[in-house]
S.K.: 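I'd like to ask some things about the structure below.
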2 protein chains.
Amino acid sequence: MCLGDRGDTMTTADTTPRSVYEGTCQTHEADGAAIRDVLNRVGDKWSLLVIVTLAGTRLRFSELQRHIPGVSQRMLTLTLRQLERDGLVTRTIHAEVPPRVEYDLTVVGRTLLEPSMALANWAVEHYPEIQDSRAAFDRSRA
Amino acid sequence: MCLGDRGDTMTTADTTPRSVYEGTCQTHEADGAAIRDVLNRVGDKWSLLVIVTLAGTRLRFSELQRHIPGVSQRMLTLTLRQLERDGLVTRTIHAEVPPRVEYDLTVVGRTLLEPSMALANWAVEHYPEIQDSRAAFDRSRA
DNA sequence: CAGGATCCAATTTGATACTG
DNA sequence: CAGTATCAAATTGGATCCTG
């Protein structure tokens, strides 16, 4: 089973060549839902930013907000809750006054760092080409 | 400069420890905009699915649609246009009746395959843990 | 300090009908 | 076949005000 395959059994005779995935499918047991789910999280506006920001050290809420320019209180809260729920970050409340809440990556959260960094690096490397391509595409339609 | 850093110069004296990124920043010259931009494309609902589907062979529109369950005509069109504009897929119109349009990955498009597959594999590998974490989180709030 | 609650704007996606 | 056009629904993000 491959990416995007929802596991629906092939009921009708299919003349379409099945060679599409052969030899190239690297996610045999992959559940498309899992990939979409994770990608929708990593691909949202703030999650990856939070993760790489926590890569160096644990931080409290206000520090996190200072380190991530542009994030609103609401979105930072929502993002952190999602990440906590997914088991990617921990939330530690210190019983003090005023309250101090610290966020840190979990072990699982840290393992996400490498593949997402690879993608981030790809983005940085190829962004010039992408921008050129966009410019050319748009020019050819003017 | 690191991920998420928009390059705003530090104008006020800052007592916040600067150790956050030290030694851990793997995207020194990274432009946060580039990363967001690429991630928003890869992270959308259909792009990655289209890319991996084209990994094996070039396909025409209707074949693509059959291979990607659930995608509407409109969304497939929009997704393909974006990918074409970004220089990740080519669109070849064969002058025939009825019209035949084939899509294929570009060289750049193929280079994207590896890092995104890494992330997809991470998703598949860790999805059970994530689901467990979510269940536990939700249970603790009932 | 670290949020929760509301309300609103913007963006994304989908359903449907039509066309060269 | 391979789209385009239009409209509606859903999702996401942000501004603002309030609180233990």
Side-chain angles (χ1 to χ4, degrees), chain A residues 4 6 15-16 32-33 36-50 53-54 58-86 89-104 137 141, chain B residues 4 6 15-16 32-33 36-50 53-54 58-86 89-104 137 141:
Chain A
R6 264 69 154 258
T15 56
T16 308
R36 279 239 197 104
D37 205 337
V38 170
L39 243 64
N40 281 340
R41 170 109 30 269
V42 171
D44 76 3
K45 203 167 178 184
W46 304 110
S47 289
L48 185 56
L49 234 37
V50 168
T53 304
L54 289 177
R58 92 183 101 87
L59 291 172
R60 48 198 299 188
F61 188 89
S62 55
E63 292 171 331
L64 217 32
Q65 193 169 17
R66 264 192 300 277
H67 278 286
I68 302 177
V71 68
S72 67
Q73 206 172 37
R74 173 184 140 89
M75 286 316 296
L76 184 54
T77 301
L78 287 178
T79 301
L80 286 168
R81 283 299 162 283
Q82 300 267 14
L83 294 174
E84 186 195 0
R85 188 172 104 102
D86 289 353
V89 312
T90 58
R91 177 169 179 269
T92 310
I93 308 164
H94 299 272
E96 302 172 6
V97 182
R100 182 165 58 100
V101 180
E102 288 191 318
Y103 293 91
D104 199 356
F137 185 91
R141 309 230 152 176
Chain B
R6 263 67 155 261
T15 55
T16 308
R36 280 241 195 102
D37 205 337
V38 171
L39 244 64
N40 282 340
R41 170 110 27 268
V42 171
D44 77 4
K45 203 167 178 183
W46 304 110
S47 291
L48 185 56
L49 235 36
V50 168
T53 302
L54 289 176
R58 94 182 98 87
L59 290 173
R60 46 198 299 187
F61 188 90
S62 54
E63 292 171 332
L64 260 176
Q65 194 169 17
R66 264 193 299 277
H67 278 287
I68 302 176
V71 68
S72 66
Q73 205 170 37
R74 174 186 141 89
M75 287 315 297
L76 184 54
T77 301
L78 288 178
T79 302
L80 286 168
R81 285 296 163 285
Q82 300 268 12
L83 293 174
E84 186 193 1
R85 188 171 104 103
D86 288 354
V89 311
T90 58
R91 176 170 180 268
T92 310
I93 307 165
H94 298 273
E96 302 172 6
V97 182
R100 181 165 57 101
V101 181
E102 288 190 317
Y103 293 92
D104 199 355
F137 185 90
R141 308 228 153 179

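Hydrogens, waters and symmetry mates are skipped; everything else that's a heavy atom, side chains included, is used. Quick caveat, the model's predicted, so the values are computed rather than measured. Labels below follow one simple rule: chain letters A, B, ... track the order of the sequence lines, proteins then strands, and each chain is numbered from 1.
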S.K.: Using a 4.5 Å cut-off on heavy atoms from C-beta on, say whether the side chain of Val101(B) contacts that of Thr92(B).
M.R.: no
S.K.: Decide yes or no for Val71(A) and Lys45(A): does some side-chain heavy atom of the first lie under 4.5 Å from some side-chain heavy atom of the second?
M.R.: no
S.K.: One pair to check against side-chain contact (heavy atoms from CB on, under 4.5 Å): Leu59(B) and Glu102(B). What are the steps and the verdict?
M.R.: CA-CA 5 Å; Leu59(B) 290 173; Glu102(B) 288 190 317; over 6 Å; no
S.K.: I need the CE-P distance between Met75(A) and dA10(C), as an integer number of Å.
M.R.: 16 Å
S.K.: Using whole Å, what does the distance between atom P of nucleotide dC1(C) and atom CG of Leu64(A) come to?
M.R.: 15 Å
S.K.: Between Lys45(A) and dT11(C), is there a contact of a side-chain N or O with OP1 or OP2 at under 4.0 Å?
M.R.: no
S.K.: Check the distance between dT6(D)'s P and Leu78(B)'s CG and give it to me in whole angstrom.
M.R.: 14 Å
S.K.: Atom NE2 of His94(A) to atom C1' of dA2(C): distance rounded to whole Å?
M.R.: 13 Å
S.K.: Rounded to the nearest Å, what distance is computed from the CG atom of residue Asp44(B) to the P atom of nucleotide dG13(D)?
M.R.: 14 Å
S.K.: Let me know the distance between CD of Gln65(A) and P of dA15(D), rounded to the nearest Å.
M.R.: 11 Å
S.K.: So Arg60(B) and Tyr103(B), do their side chains get closer than 4.5 Å, heavy atoms only?
M.R.: no
S.K.: May I ask you to test the Ile68(B)-Leu64(B) pair for a side-chain heavy-atom distance under 4.5 Å?
M.R.: yes
S.K.: Hey, mind stepping through Phe137(B) and Gln82(A) against side-chain contact (heavy atoms from CB on, under 4.5 Å) and telling me if it holds?
M.R.: CA-CA 10 Å; Phe137(B) 185 90; Gln82(A) 300 267 14; over 6 Å; no
S.K.: Given atom CG of Leu76(A) and atom P of dT12(D), what is their separation to the nearest angstrom?
M.R.: 17 Å
S.K.: To the nearest 10°, let me know how far the axis at one end of the helix from dC1(C)-dG20(D) to dG20(C)-dC1(D) is tilted from the axis at the other, five pairs an end.
M.R.: 50°
S.K.: For nucleotides 2-5 of chain D, print each protein N/O atom paired with a nucleotide N/O atom at under 3.5 Å, atom names and distance only.
M.R.:
from: dA2(D); atom 1: OP1; to: Arg60(B); atom 2: NE; distance (Å): 2.9
from: dA2(D); atom 1: OP1; to: Arg60(B); atom 2: NH2; distance (Å): 3.3
from: dA2(D); atom 1: OP1; to: Val101(B); atom 2: N; distance (Å): 3.3
from: dA2(D); atom 1: OP2; to: Ser62(B); atom 2: N; distance (Å): 2.9
from: dA2(D); atom 1: OP2; to: Ser62(B); atom 2: OG; distance (Å): 2.8
from: dG3(D); atom 1: OP1; to: Arg81(B); atom 2: NH2; distance (Å): 2.8
from: dG3(D); atom 1: OP1; to: Arg91(B); atom 2: NE; distance (Å): 3.2
from: dG3(D); atom 1: OP1; to: Arg91(B); atom 2: NH2; distance (Å): 2.5
from: dG3(D); atom 1: OP2; to: Tyr103(B); atom 2: OH; distance (Å): 2.5
from: dG3(D); atom 1: N7; to: Gln73(B); atom 2: OE1; distance (Å): 3.0
from: dG3(D); atom 1: N7; to: Gln73(B); atom 2: NE2; distance (Å): 2.6
from: dG3(D); atom 1: O6; to: Gln73(B); atom 2: OE1; distance (Å): 3.0

S.K.: Do the non-hydrogen side-chain atoms of Val42(B) and Ser47(B) ever get within less than 4.5 Å of each other?
M.R.: no
S.K.: If you round to the nearest 0.5 Å, how far is CG of Leu83(A) from CZ of Arg85(A)?
M.R.: 11.5 Å
S.K.: Would you say Asp44(B)'s side chain and Asn40(B)'s backbone share a donor-acceptor pair under 3.5 angstrom?
M.R.: no
S.K.: Rounded off to whole Å, could you give me the CG-to-P distance for the Asn40(B) and dT12(C) pair?
M.R.: 8 Å
